[in-house]
Amino acid sequence: MGTRLYLVRLGEISLKGLNRPFFEKKLKNNIKTKLRPYHNMVSKQKGRLFFEIDESCSREQCDLAFSTTFGVVGYTEAVRVQKDMDKIKEKVREVLANSTFSNEGSFKVETKRADKKFPLSSYEISCELADVVNESFPDLKVSLKNPTHTLYIEIRNSTYIYTTMKSGPNGLPVSTAGKGMLLLSGGIDSPVAGYRMASRGMKLECIYFHAYPYTSDMALEKVKMLASKIAPFLQGTRLHVVGFTEQQLWIKSHSEIDETTLMFRACMMKVATKLAHKYDGTALVTGEALSQVASQTLDSMAFTNTTTDMLIIRPLVGMNKEEIMRTAENIDTYKTSILPYEDCCVIFSPKHPLTRPDVEIENAHYEKMGIDELLDKAVEETVTYDFFANGKEKLYSEEEETTANLEINPLVQE
Ligand code: ATP
Ligand code: MG
């Protein structure tokens, strides 16, 4: 059985000094996980990874693997030929015949000569190959600035030829920057918050607070759908579902109506912190954005911060709703997020929540609620779902090793 060759462009990773092998290895493994069970071979060159993938692995699966793995800047199918101009020209003719090149528009040849010993300069290679392009497409004019078609040539250990370059998600490979717990609601913001932190290499497990029957089974299904949609970017994830009905009712009957949202958030943070300790998380991640809703004022966030000793990361805090929505559309969570099932926060939230809480007063009110035991119970009764890196749900088993497969960068640690 034959193989297909893929060339992967790396960005920020290539700039890492001594840490580079660590990031490259992670990236390689993150991609490989998504190509299972097909056999593939990987080789590495400056700024590039090359994958030779079993032909029976569909192009869709390959596309999904490369387009959702952080650290990939761009990728393409490529062909390889010896570093000999006649052989290169012959191969270019073949590649052009199977490409989207046509007589319409303009073209350029972009040559990268990584092997400085190759006898021709990049300019000379481009000129010779431009003639080859014009043999097949005599009407095509050269345009260096804004070409319709591009023929890419890379002279390295071999010559690599390709005519497209698809975009990857950039960023750093997941599991190179520790683990965080993402508070995932059914809304637009939190999946985007998870995506953003994963793009900086953070491994994430998700936590959802579910108040059945005030929030329906459909609301839970929606959150599971969102977890599965972001799972490829997160390299697989876990969703911890915390039953929160009793706790919410307790909050409602033991606090002032305008405080319920604050108290709810304090309880969420405390439970999330306990789960973080249980699953080795170092930070909590939320989808809050400053002033987006009444509960997301600076004072409310400052209060929430006092309810946990864990780092709370709010990657969207300075983003506008339109920007967040655009990302949600790009990662295909938007349509799911706007399905109508209410999340528990909305159902219990008062018309006029306290927007300028006094930290000391609210902490005293929290203590007075006497809810800690109920929160421990919520942690104990948490139900967990696992999602593979391809988005599929798998049955959770306590004994099985976590999908996280967390490895701390030895060099970063020092
Ligand atoms: P989102 O669009 O992410 O739901 P939102 O604009 O609706 O956010 P809030 O409901 O105030 O804002 O929630 C702010 C953040 O708190 C969410 O982004 C999420 O991280 C967390 N959160 C809220 N409700 C829940 C929940 N039921 N389960 C888990 N996390 C939640
Ligand atoms: Mg919400």
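When a ligand or atom number is given, it counts from 1 through the structure's own listing order. Start at 1 with the first residue, then count along the sequence.
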Structural part of L182 in contact with ligand 1, heavy atom criterion under 4.0 angstrom: neither
Per-residue contact class, S190 against ligand 1 - non-hydrogen pairs under 4.0 Å: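 The answer is both.
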Could you tell me whether some N/O pair between [X] and ligand 1 is separated by less than 3.5 angstrom?
{"X": "V293", "value": "no"}
{"X": "M268", "value": "no"}
{"X": "Q296", "value": "yes"}
{"X": "K321", "value": "no"}
{"X": "V285", "value": "no"}
{"X": "F209", "value": "yes"}

Between [X] and [Y], which heavy-atom pair has the shortest distance, and what is it?
{"X": "K229", "Y": "T333", "value": "CB-CG2, 4.0 Å"}
{"X": "S185", "Y": "Y208", "value": "CA-CD1, 4.3 Å"}
{"X": "E110", "Y": "R9", "value": "OE2-NH2, 4.5 Å"}
{"X": "A276", "Y": "L284", "value": "CB-CD2, 4.2 Å"}

Centroid-centroid under 6.0 Å between F137 and H149 rings: no
Near-ring test F70/Y195, centroid separation under 6.0 angstrom: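 Centroid separation for Y195 and F70: below 6.0 Å.
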Close-contact set for ligand 1 against [X] heavy atoms, below 4.0 Å:
{"X": "G187", "answer": "1 (P), 2 (O), 4 (O)"}
{"X": "I207", "answer": "29 (C)"}
{"X": "T286", "answer": "20 (O)"}
{"X": "I188", "answer": "2 (O)"}
{"X": "S295", "answer": "11 (O)"}
{"X": "R265", "answer": "11 (O), 13 (O), 14 (C), 15 (C), 16 (O)"}
{"X": "G287", "answer": "17 (C), 18 (O), 20 (O)"}

Residues E380 and K377 bridged, charged N to O under 4.0 Å: no
Whether R4 side chain and I53 backbone form a donor-acceptor pair below 3.5 Å: no
Donor-acceptor under 3.5 Å (K83 side chain, R156 main chain):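 The answer is yes, because a donor-acceptor pair under 3.5 Å joins these two groups.
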Derivation of the ring pair (Phe, Tyr, Trp, His ring centres under 6.0 Å) call for Y75 and Y162: CA-CA 10 Å; Y75 68 96; Y162 52 97; over 10 Å; no
Residue-ligand contact H210/ligand 1, heavy atom below 4.0 Å: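 It does not; every heavy atom stays at 4.0 Å or beyond.
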